[in-house]
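Because the structure is a prediction, the values reported are computed rather than measured.
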Amino acid sequence: MQIIKRNGVLEQLPLGTVLEEIEKAFPEKEYSMDILAEKFQGFDKPGMQPGERLSALIKAAVELTTQDAPKWEYIAGRLLCFKLNKDIAAETNSLGVNSFYDKLRYLTDEGLYGDYILAAYSKEEINEAQTFMKPERDTLLNYSGLDLLSKRYLLRTHDQHPIEMVQEMFLGIALHLAMPEKRDRMGWVRRFYDMLSRLEVTMATPTMANARKPYHQLSSCFIDTVPDSLEGIYRSIDNFAQVSKFGGGMGLYFGKVRATGSSIRGFKGVAGGVIRWLKLVNDTAVAVDQLGVRQGAVAVYLDAWHKDLPEFLQIRTNNGDDRMKAHDIFPAVCYPDLFWRMAKEDLNQPWHLFCPHEIMTVKGYCLEDYYGEEWEKLYLDCVADARLSRRVISIKDIVRLVLKSAVETGTPFTFNRDTVNAANPNAHKGMIYCSNLCTEIAQNMSPIESAGTEIKTEDGDVVVVKTVLPGDFVVCNLASLSLGHLPLEDEQKMNDIVATVVRALDNVIDLNFYPVPYAQITNHRYRSIGLGVSGYHHALAKRRISWESEDHLKFMDEVFERINFAAIKASCELAVEKGRYDYFEGSDWHTGEYFRKRGYDSQKWQSLAADMARKGMRNAYLLAIAPTSSTGIIAGTTAGVDPVMKRFFLEEKKGAMLPRVAPELSDKTYWLYKGAYLMDQSWSMRAAGVRQRHIDQAQSVNLYITNDFTMRQVLNLYLLAWERGVKTIYYVRSKSLEVEECESCAS
């Protein structure tokens with residue numbers, strides 16, 4: 001078909017009707033096909049094959065994308081989709097694949113699809129599911145989103161040829177997630193497919209990538225409590241290796257491990273301390289890569305009163321003894337309220353650092369097992385006890401080490417332990433020591449403990465059986481609501497979409513492939529999920545709400561209360577249908593304390609609290625806001641709850657230039673997309689505090705600083721976050737610092 005005629009040169013490209021459709025969808029003069037034709041001529045070379053010329057046309061559309069003509073990214077997306085579908089059609093035709101069922105049969109036989117899909121659904125049901133697909137929803141994807149999907153999420157043959165179309169991917173995920181449903185299963189397949197294909201909800205990267213595959217590890221991240229024993233430490237490192245092998249991130253709490261110079265079996269001064277073990281964790285992260293794609297990712301947490309804290313705060317910095325460094329792990333500090341209170345009052349006050357093993361030996365209790373006023377009383381008791389060795393450092397020196405590392409490396413992450421545990425709805429069953437790799441998870445934790453070793457003879461063979469108590473090994477099951485694509489003011493529609501995604505996440509728990517058995521046990525006991533959001537700045541900008549305004553705080557207070565209500569109601573109804581989580585009795589959900597703590601005293605909330613006391617809850621934890629760096633790109637929206645970095649920029653990845661455009665950028669939204677580094681960061685911390693009331697877990701919240709910031713200004717942001725009840729802070733992002741994006745929790 002003749003589609004481009006420019007300067008007397010007739011171009012021939014097999015594009016069907018796609019350009020006519022583009023002209024109808026983008027009638028503005030800045031998106032004229034004449035402009036595309038002129039740009040294309042600069043890429044067109046004699047002797048190019050048809051596929052190469054189509055790629056050149058796509059590249060021309062990508063490079064036309066600017067902040068003045070941002071929709072070229074969607075035009076480029078349509079062209080890329082046309083090429084992708086054309087290549088896939090050629091591949092499937094050569095294989096004799098004529099229907100969706102035929103394709104699933106082929107993919108299953110090739111080991112690319114898990115055989116459980118065809119085992120669970122009849123041919124008639126697969127054929128029915130095929131009718132759910134809406135190819136026109138491909139047009140919702142921009143170039144960056146589709147490029148990312150095609151390279152990392154869509155299935156490919158063993159020869160790396162694309163074999164799965166975008167809508168087939170969404171439907172395959174939906175078929176997997178609906179498998180546990182006993183009633184109206186095909187109805188749930190449709191609803192799951194619709195929320196994903198409309199880009200209203202994104203599942204976490206592991207779910208998007210691995211649902212429907214033979215190794216269906218669907219969870220993003222895991223958290224382990226490292227015991228203070230040789231066997232326990234190596235078990236935790238092995239757990240991390242197994243998790244990393246299947247693409248999961250890890251959070252490790254080292255607050256129970258004895259400090260440098262502590263005693264071992266009564267011999268004083270012989271313990272190597274935390275840093276030596278962290279080097280092993282670091283080497284494991286490098287050695288056990290995640291499916292050959294990237295190295296393992298792990299955050300390690302230590303308490304602010306641990307004796308090894310000063311060295312811990314320098315493990316990623318570039319100066320000092322390299323033997324004490326661990327550059328590939330992400331340090332995080334667990335702060336009690338007392339630390340921030342003293343930092344606010346007088347930075348020159350002394351701070352005492354102790355060894356947890358010595359406290360347990362001398363005092364008979366584990367300081368890390370307490371929080372709030374009880375912890376403070378015990379800490380001051382330790383300070384007053386002359387039998388305990390300690391390092392005494394001023395609060396100012398600790399803060400200086402924290403801020404120096406934060407500005408230089410983006411870490412340590414911040415975990416406000418008293419704030420977290422005071423709001424824990426399941427405090428009757430445990431303690432929360434730390435968070436995960438991206439700081440959004442806050443769930444009960446406890447170490448795995450050895451219970452004995454037994455030598456047995458079975459069928460003539462001698463076997464050694466090691467018995468362990470599984471503890472609480474936390475699992476993150478994540479998804480995100482795309483706030484920029486949802487009718488946030490429509491309560492009924494929000495209730496429906498939240499109920500759908502809560503059900504999908506609950507099903508993830510039953511469908512998951514678990515890299516270690518402890519994860520499966522904990523996940524089934526608590527049935528915890530982490531529903532978060534992306535498109536936060538997008539949602540504000542399209543409603544003409546400025547980030548730095550009281551309207552922002554008021555609007556998002558209402559939105560997150562609405563989301564929280566819908567999630568709790570959905571989990572309550574699921575409990576009636578499928579049963580409560582094991583530890584519901586005595587929880588804050590059960591007693592109503594959860595609602596009282598948050599001031600949910602309206603008639604609507606009181607009615608829900610009464611329903612819950614009677615019906616129960618399906619999930620012990622519900623809301624957690626992950627970073628969504630990758631899936632936000634797929635959904636064509638802003639990441640997590642962060643402001644945009646810039647309205648528009650070109651990012652180079654593997655030799656290709658990818659446009660990054662603020663969603664729905666126009667004259668009306670332009671000034672509302674103020675860049676993250678230009679924002680008054682106090683508004684971000686205030687907003688995080690407003691949201692935190694409605695989030696039972698935590699949030700991946702970043703601070704954006706420039707070289708103009710003083711150390712005092714950065715400290716004041718930490719103090720503001722603590723005062724506003726913010727549970728965690730993720731990266732401190734400096735303009736001069738490139739920090740690694742978390743792929744595991746990119747929900």
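- A salt bridge does not link Lys256 to Asp228: none of the charged side-chain nitrogens sits closer than 4.0 Å to a carboxylate oxygen.
- Glu358 is not listed as a side-chain neighbour of Arg258, based on a closest heavy-atom distance of 4.5 Å or more.
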Using side chain to side chain contact (heavy atoms under 4.5 Å, CB included), reason through Thr260 and Ile275 one step at a time and then give a plain yes or no. CA-CA 8 Å; Thr260 305; Ile275 305 302; 5.6 Å; no
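- The aromatic rings of Tyr301 and Phe415 stand perpendicular to each other, their planes meeting at an angle above 60°, with 30° marking the opposite boundary.
- Salt bridge Arg527/Asp510: present, at least one basic N to carboxylate O contact under 4.0 Å.
- The pair Glu585-Arg580 counts as a salt bridge, with a side-chain nitrogen and a carboxylate oxygen less than 4.0 angstrom apart.
- Note that OG1 of Thr108 and CZ of Arg212 are 12.0 Å apart. Values are rounded to the nearest 0.5 Å.
- Ser219 pairs with exactly one of Thr207, Asn477, Asn523 by the side chain to side chain donor-acceptor pair (under 3.5 Å) rule, that one being Asn477.
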Apply side chain to side chain contact (heavy atoms under 4.5 Å, CB included) to the pair Leu622 and Leu531, showing each step before the final yes or no. CA-CA 6 Å; Leu622 287 174; Leu531 175 59; over 6 Å; no
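- Note: Tyr731 and Phe413 have perpendicular aromatic rings, judged against thresholds of 30 and 60 degrees for the angle between ring planes.
- Side chains of Val468 and Tyr518 form a contact here, defined as non-hydrogen atoms less than 4.5 Å apart.
- Classification of the His216-Phe513 ring pair by plane angle, with boundaries at 30° and 60°, yields perpendicular.
- The aromatic rings of Phe584 and Tyr581 sit perpendicular, their planes meeting at an angle over 60°, well past the 30° parallel limit.
- Note on Lys578 versus Glu181: salt bridge recorded, some NZ/NE/NH1/NH2 to OD/OE distance being below 4.0 Å.
- Side chains of Asp472 and Asn444: a donor-acceptor N/O pair is absent below 3.5 angstrom, by distance only.
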Report the C-alpha separation of Met445 and Tyr253 in whole Å, then their side-chain angles, then the decisive distance to 0.1 Å, and conclude whether the side chain to side chain contact (heavy atoms under 4.5 Å, CB included) test is met. CA-CA 9 Å; Met445 301 166 58; Tyr253 174 68; 3.9 Å; yes
